[in-house]
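First up is the structure itself, then whatever we jot down about it.
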Amino acid sequence: MSSVDAASTAVNATYAMWRKLSGSTLGRGLFSTAMCLKVPYFRTVLPAVRDMRPGRCEVAAPKWWGVHNHLGTFHAIAACNLAEIAMGMLAEATVPTTHRWIPKGMSVSYVAKAKTSLTAVAELPELPELAESGTEVVVPVVVRDREGTVVVTADITVWITPRS
């Protein structure tokens, strides 16, 4: 076997939990809380997963004093954290159970001041073909403010390999 179709393999536990809980506001809140318990640093931005499926994830975060910088705007690194959450949940929904993933790098552009709450959308134009030797995938993430203005863009490189 030289490649694996990411969409055709069994659903991992994280994505299965999302599918079970995402039908209600309470369920989405429980999922987001569970995600933060699994990855505690994520909770610093109080993330709320809004959509999660193979090839796409949307996560929102409120503007609160814990993410403020010295100007009173959403701190750039807090916005990066939000982008990484969106990428990570996209990876959880996309990468098959036969493989594992890890972030390898991140290229970020700070486009505008983030004066409001933010929403990050990670989206792959097509699902990756996964090689047995490992596959590098670049996940683009766009972070917008409440008015829809792009404030941060990120390309997060993920390394995907078969589980051993």
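Values below: every heavy atom of this structure, side chains too, minus hydrogens, waters and symmetry copies.
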Looking at side-chain heavy atoms only, is the closest gap between [X] and [Y] below 4.5 Å?
X      : Y      : value
Leu130 : Pro96  : yes
Val141 : Thr153 : no
Met35  : Pro47  : yes
Val11  : Arg19  : yes
Pro162 : Thr98  : no

Mind jotting down which residue pairs meet the side chain to side chain donor-acceptor pair (under 3.5 Å) criterion with at least one end in residues 104-114? Sequence neighbours excluded, please. Lys104-Glu136
Tell me, which pairs form a side chain to side chain donor-acceptor pair (under 3.5 Å) where one or both residues lie in residues 24-38, sequence neighbours left out? Thr25-Arg28
In the hydrophobic clustering (ILVMFWY, side-chain contacts below 4.5 Å, transitive), which residues join Val142, or is it alone? Val111, Val150
Which residues end up grouped with Trp159 if you chain together Ile, Leu, Val, Met, Phe, Trp and Tyr wherever their side-chain heavy atoms are less than 4.5 Å apart? Ile102
Sequence neighbours left out, what passes side-chain contact (heavy atoms from CB on, under 4.5 Å) with Pro62? Give chain and number order. Leu46, Trp64
Would Lys63 and His68 count as a side chain to side chain contact (heavy atoms under 4.5 Å, CB included) if you check the C-alpha gap in whole Å, the side-chain angles of each, and the deciding distance to 0.1 Å? CA-CA 7 Å; Lys63 182 175 173 273; His68 285 181; 3.3 Å; yes
Nearest heavy atoms of Leu127 and Pro54, plus distance in Å: CD2-C, 3.9 Å
For residues 71-89, which side-chain donor-acceptor pairs fall under 3.5 Å, sequence neighbours excluded?
residue, atom, partner, partner atom, Å
Thr73, OG1, Asn69, OD1, 3.1
Thr73, OG1, Asn69, ND2, 2.8
His75, ND1, Ile77, N, 3.0
Asn81, ND2, Tyr41, O, 3.4
Asn81, ND2, Thr44, OG1, 3.0

Neighbour count >12 (heavy atoms, 6.0 Å) for atom CE, Met106: yes
ILVMFWY cluster, Leu26 and Leu21 together (side-chain gap under 4.5 Å): yes
Looking at residues at least two apart in the chain, or sitting in another chain, which of them share a side chain to side chain donor-acceptor pair (under 3.5 Å) with Arg43? none
By side chain to side chain donor-acceptor pair (under 3.5 Å) - contacts of Asp145 (at least two apart): none
Side chain to side chain contact (heavy atoms under 4.5 Å, CB included) between Lys20 and Phe31: does it pass, once the steps are laid out? CA-CA 9 Å; Lys20 181 177 181 178; Phe31 177 86; over 6 Å; no
Is the backbone of Val158 close enough, under 3.5 Å, to the side chain of Trp101 for a donor and an acceptor to pair up by distance? no
Does any N or O in the side chain of Thr14 come within less than 3.5 Å of the main-chain N or O of Glu92, such that one atom is a donor and the other an acceptor? no
Restricting to salt bridge (charged side-chain N to carboxylate O under 4.0 Å, His left out), what partner residues turn up for Asp155, sequence neighbours left out? none
Applying ring pair (Phe, Tyr, Trp, His ring centres under 6.0 Å), can you list everything that pairs with Phe42, at least two apart in sequence or on another chain? none
Sequence neighbours excluded and cut-off under 3.5 Å, please list the side-chain donor-acceptor pairs for residues 116-126, or say none.
residue, atom, partner, partner atom, Å
Thr116, OG1, Arg146, N, 2.9
Thr119, OG1, Arg50, NH1, 3.3
Glu123, OE2, Arg56, NE, 3.2

